[in-house]
2 protein chains.
Amino acid sequence: MKKKVTIKEIARELDVSVSTVSKALRNRKEIGAETTQRIQAFAKLLNYKPNSIAISLKNKRSRNIGVIIPEIVHHFFTTVISGIETAANNLGYNVIVCLSNESFDKEVINMETLAGSSIDGFILSLTKETQKKKDFHHLLEVIDQGMPVVMFDRVTEEINCDKIVVDDAYAVYNATNHLILSGCKRIALLTTMDYVSVGKQRTMGYLNALNDAGIQVDENIIVRIENIEHCENQISSLFEDQKFDAVLSVNEVFAVTAMRQALNRGLKIPEDVSFIGFTNGLLSKYFYPRLTTIVQHGYKMGEKAAKILIERLEDEEEEEKPFIKEVIKTSLRERESTKSI
Amino acid sequence: MKKKVTIKEIARELDVSVSTVSKALRNRKEIGAETTQRIQAFAKLLNYKPNSIAISLKNKRSRNIGVIIPEIVHHFFTTVISGIETAANNLGYNVIVCLSNESFDKEVINMETLAGSSIDGFILSLTKETQKKKDFHHLLEVIDQGMPVVMFDRVTEEINCDKIVVDDAYAVYNATNHLILSGCKRIALLTTMDYVSVGKQRTMGYLNALNDAGIQVDENIIVRIENIEHCENQISSLFEDQKFDAVLSVNEVFAVTAMRQALNRGLKIPEDVSFIGFTNGLLSKYFYPRLTTIVQHGYKMGEKAAKILIERLEDEEEEEKPFIKEVIKTSLRERESTKSI
DNA sequence: TATTAACACGAAAACGTTTTTCTTAGTATA
DNA sequence: TATACTAAGAAAAACGTTTTCGTGTTAATA
């Protein structure tokens, strides 16, 4: 087992001072060409790797960014992480991932541990619990310590920071319109509780589309689902007296669960009922029939978030740049579960 | 923006030495009860948080563990990460995630950056490319520097370290048997190229099961798929002259793709053809019909990996414990795509 | 009373860097 | 010749901790 080689050892071996070694390695011109050359060659020979912890301590920055997401076993979030990771790595940063598991307490704990200085900034998406509680003291605290925060997808207006979201309302507005244009008259909505920021936005998009098309909103075909594990029953009650010819769902799982029930009852998709989901995951892509879906471009979102954060981190200017709110455009991926227009 | 408070400032304010503060905060008994009390109260008041980077530098350990996985948009890997994360957090460690994106080069780069001392140990699953190339110098290097490595799922015998795998061969052996017992006679296999360690193991399990049951192996109904994007054609050729009554697939996507084709041709599942997949993801759970699947218990695998790594990290003993190879038992989740026995 | 032990705390070194300041010799200028 | 300047490198301080080794009191013991 080889010992880690440090600048100090190089200095000793070459009989120069540590400062000389340090400068030589960083190509400072105050060190003679020959000495520099000699030191660099020796360092390479010994396979010297700078100790990043020492550098972090000295420079007061770790080049690590912390990412906190509610859940990782989730297509959308993994694509976002993927984007963050790629962008961050390209800019010389590492990504430390923490899972809040949709728990407020864990979100707080994660922030506190990470903020303990091994991290330069945060990217996060709020848990449902946090959105419900509206308790953001942990965010305020890290921001107050000068740590930049970028929120994505599940954001809150109550915190001042960079945000990056999807045009949820508009996306659903469009999708609803698409259904209307393809001839659907009675569009059911499978959504979440209103305290989930994105769920609320999406519901609004749906409502607006119906209004604009002069279609009466029917609360009986709007299903608000609290728990994904128990969505089956709530959805099946929709089918009791089937009064809809399309279903718009706020995620993949609700959509697919509804499709199964439709199939079970012998309904034809999309002839009898059309379906549109959200999140372009494996389910949408491979279900039979394949599900038309709103794609959120999570990868791009992640990239963008990382770039915004890092830009702020590397900004030397004294005056703070104003916070930005970036909206990522969704697109509709038409597949087999909808009629073409 | 509040400045970060350090031990030094506490010492100054309270007119004691930094060593006294440090000791008081860690409850050393060499500091008087009253002083300790006073210091702790003041630290709390100022919301003092130790600087973990400084601690890392001093203690030569960061309490960070690096995780490198081939792909994150993948159900199995996310469950593993989830397990790693939970176990690691419980033991006071943070998880730094890097993605190799199935690229050998990126795997090497990731290891090198992470090894640059901000990490105490590694957990990783090899990329396909690495398994094909059989080039493990980057692993040898970090191990040689005394950094413990735990490999999971996609492992190699050529490196000496802790490993944690699934009983792939046995799992598929069992699943095949299950199909045979349920009356299937001609079982097709959808698998990957042999250089993928797990693919190879799984194929072997299949072969052994057939042999033990005295069923002739038919190479025509074994499909080796290189690229998941182009599996459609290879699978459909299987159906040309359909000579099978069951399909065993080495992952979800192949299974579901085949099921779609069966459905398209009007075949009944499971009456005409039975299906078994691997990886208990959303697809298996929500496809119609629901897919019987081999569940790998990725979460448990991740937990185990983290525990093994951390145990080794915290082991003070001089003599190295021998490396262990833990096998996680799979189980078969029976659903609608197979006939019951 | 002199010696020792326990106690409570401070000083300083150390972790591995980077950076600022200081030194010395040699060279150029007036 | 005296002065200033430059180049090349050394020394030291700093980042925020932890830990080892003192050291001065006070209390207990011989």
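Just so it is clear: chains get the letters A, B, ... in the order the sequence lines come, proteins before strands, and each one is counted from 1. FYI, side chains are in, hydrogens and waters are out, and symmetry mates aren't considered; it's all heavy atoms of this structure.
Within the 4.5 Å cutoff, no side-chain heavy atoms of Y93(A) are placed close to those of L309(A). Proximity of I328(A) to K300(A): side-chain heavy atoms (C-beta onward) are separated by under 4.5 Å at one or more points. The closest side-chain heavy-atom distance from V97(A) to V95(B) is not below 4.5 Å.
One can place CD1 of I39(B) at 13 Å from P of dA8(C), the figure rounded to the nearest angstrom. For N59(B) and dG16(C), the CG to C1' distance is 14 Å, given to the nearest whole Å. Between the C1' atom of dA14(C) and the CD1 atom of I53(A) lies a distance of 15 Å, rounded to the nearest Å. The nearest whole Å value for the distance from the CG atom in D15(A) to the P atom in dG9(D) is 12 Å. The CD1 atom of I7(B) sits 11 Å away from the P atom of dG16(D) (whole-angstrom rounding). Per the geometry, CG belonging to L57(B) stands 17 Å off P belonging to dA13(C), to the nearest Å. Distance, R38(A) CZ to dA8(D) C1': 13 Å, rounded to whole Å. Summarising the geometry, the separation between CD1 on I31(A) and P on dT20(C) is reported as 14 Å, rounded to the nearest angstrom.
Of the candidates dG16(D), dT17(C), dT19(C), the closest approach to any side-chain atom of I55(A) belongs to dT17(C). With dT18(D), dC15(C), dA10(D) as the choices, the nucleotide that has an atom nearest any side-chain atom of S19(A) turns out to be dA10(D).
Salt bridge E107(B)/K128(B): absent, no basic N to carboxylate O contact under 4.0 Å. Checked for salt-bridge contact, K132(A) and E102(A) miss the test: no charged N lies under 4.0 Å from a carboxylate O. Salt-bridge check for E85(B) with K106(A): passed, with a basic side-chain N closer than 4.0 Å to an acidic carboxylate O.
A 6.0 Å sphere centred on CD of E30(B) holds more than 12 heavy atoms belonging to other residues, nucleotides or ligands. Crowding of E158(B) atom CD: a count of heavy atoms from other residues, nucleotides or ligands under 6.0 Å exceeding 12.
Nucleic acid contact for K58(A): base, since at least one base atom lies under 4.0 Å from a heavy atom of the residue. Among the heavy atoms of the strands lying under 4.0 Å from T35(A) are primed sugar atoms or P, OP1, OP2 only; no base atom is included. Heavy atoms of T6(B) sit under 4.0 angstrom from primed sugar atoms or phosphate atoms, though from no base atom.
Between S17(B) and dG10(C) there is a side-chain polar atom (N or O) within less than 4.0 angstrom of OP1 or OP2. Between K4(A) and the phosphate of dC15(C), there is no side-chain N or O to OP1/OP2 separation shorter than 4.0 Å.
Within residues 21-30 of chain B, the residues approaching DNA chain C are K23(B), E30(B), by heavy-atom distance under 4.0 Å.
Along DNA chain C, the nucleotide nearest to A54(B) and the one nearest to A33(B) differ in position, and the one closer to the 5' end is contacted by A33(B).
Over its full length, the helix from dT1(C)-dA30(D) to dA30(C)-dT1(D) turns its helical axis through 70°, comparing axes from the five pairs at each end and rounding to 10°.
Considering every non-hydrogen atom in both V142(B) and M111(B), the closest pair reads CG2-CE, 3.7 Å. Taking every heavy atom of both residues into account, R61(B) and D120(B) meet most closely at CA-OD1, 3.5 Å.
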